[in-house]
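The next block holds one structure in the form of structure tokens; read it before the comments.
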2 protein chains.
Amino acid sequence: MTSDADIALDKAVEVLRLDRQLCFALYSAANRVTRLYRPLLDALGLTYPQYLAMLVLWEHSPRTVGEMGQALDLESSTLTPLLKRLEGAGLIARSRDPDDERRVIISLTDAGDAMRDQALGVAEQFFCRLDTPMPELVDLRERLKRLAV
Amino acid sequence: MTSDADIALDKAVEVLRLDRQLCFALYSAANRVTRLYRPLLDALGLTYPQYLAMLVLWEHSPRTVGEMGQALDLESSTLTPLLKRLEGAGLIARSRDPDDERRVIISLTDAGDAMRDQALGVAEQFFCRLDTPMPELVDLRERLKRLAV
DNA sequence: TGAATACATATCGCGCACGATTAAATCGTT
DNA sequence: AACGATTTAATCGTGCGCGATATGTATTCA
């Protein structure tokens with residue numbers, strides 16, 4: 001015989017199973033991808049979030065900290081220290097906007113700009129190591145973007 | 001007229017666009033999901049990775065640190081401090097395995113076990129806030145799992 | 001003009017996530 | 001039994017990621 005409490009427990013056991021959680025699949029896949037990028041980016045001396053920040057700048061430079069935060073969906077409390085490290089590495093320059101002293105303008109240095117070619121190699125190596133057909137990757141990417149939160 | 005260098009540059013610009021990177025879509029979606037969980041988990045006094053660790057234990061307790069690391073795909077350097085915090089919160093107990101003193105056995109306390117019901121509410125609220133049909137979520141989850149890295 | 005408000009970035013504290021290293025226990029082989 | 005290799009967890013240092021808060025600049029409007 002089965003009590004109501006047992007049924008509720010069974011439901012909890014089913015619903016909360018790790019392999020049924022979208023959140024864990026996402027968390028785990030993001031960690032795995034970061035780990036996969038690490039050895040590729042070591043050659044450039046970049047961390048994974050730093051690489052993403054450089055992608056933003058390669059797309060369009062200069063940009064303000066705020067614009068980069070919007071593009072990457074990150075707070076200034078994350079971005080400011082990261083950008084200071086990129087500045088320390090000589091890849092970007094930080095300067096106040098003369099037209100609005102609140103803003104800080106981030107621009108690529110020559111060294112930062114020159115790194116773009118190597119980045120192309122990183123992107124290609126990543127694709128190779130994933131060993132998944134491009135259409136599948138594009139589909140996954142678009143589904144992730146649709147996950148409006 | 002267009003030089004070879006210009007063509008190579010165009011290719012780099014296209015390939016490296018942030019909105020074409022699977023890695024960024026994944027990174028960003030994972031951050032968004034963590035942010036969405038935060039207010040829900042605040043009520044339980046758990047962080048998001050702590051919640052995942054509790055999911056593992058609600059599924060089956062006791063387990064060793066190594067087993068949990070395998071389930072969550074995390075190193076002991078991540079897990080040990082996290083588990084110590086859960087122990088401090090009174091949700092789990094940590095003890096050496098008498099049969100093999102290298103192992104540390106993690107078991108739910110009564111308080112940790114009792115939290116499972118509230119966790120069920122968290123999972124339901126998360127689903128509601130996502131506002132995405134279940135089949136789409138299941139499909140995305142399975143695609144993420146397939147992303148073997 | 002001057003006070004109130006809003007805005008852009010920076011700072012701080014906490015908790016991951018991981019590579020490298022260490023310490024202790026166990027296992028395997030002789 | 002003994003010693004080297006392996007296994008398990010812990011420790012340490014670095015870099016995020018974010019909420020809360022601070023700081024300085026610009027805007028608004030009385």
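Model, not experiment: these values are computed from the prediction. Numbered from 1 within each chain, the chains take letters A, B, ... in sequence-line order. Values below: every heavy atom of this structure, side chains too, minus hydrogens, waters and symmetry copies.
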Rounded distance (Å) that lies between atom C1' of D/dA9 and atom CD1 of B/Ile106: 10 Å
Polar contact flag, side-chain donor to acceptor under 3.5 angstrom, B/Arg32-B/Ser28: yes
A/Tyr48 and A/Tyr51 aromatic ring geometry - parallel, tilted or perpendicular at 30°/60° bounds: parallel
B/Leu91 with B/Ile105, same ILVMFWY side-chain cluster at under 4.5 Å: no
Donor-acceptor pair present, B/Ser77 side chain and C/dA17 base, under 3.5 Å: no
N/O (side chain, B/Thr78) to phosphate O (OP1/OP2, C/dA17) under 4.0 Å: no
d(CG, A/Asp97; P, C/dA8) in whole Å: 12 Å
Whole-Å distance separating the CG atom of B/Leu79 from the P atom of C/dC16: 10 Å
Touch class at under 4.0 angstrom, heavy-atom based, for A/Thr47 against every strand present: sugar-phosphate
Short side-chain N/O contact to D/dG17 OP1/OP2 from B/Tyr27, under 4.0 Å: yes
Side-chain N or O of A/Arg103 closer than 4.0 Å to phosphate OP1/OP2 of C/dC7: no
Sugar-phosphate, base or nothing in reach of A/Thr34, heavy atoms under 4.0 Å: nothing
Nearest-Å distance for atom pair CZ/P, residues B/Arg102 and C/dA24: 14 Å
Main-chain N/O of A/Thr47 paired with A/Gln50 side-chain donor or acceptor, under 3.5 Å: yes
Below 4.0 Å: OP1/OP2 of C/dA10 and any side-chain N or O of A/Arg94: yes
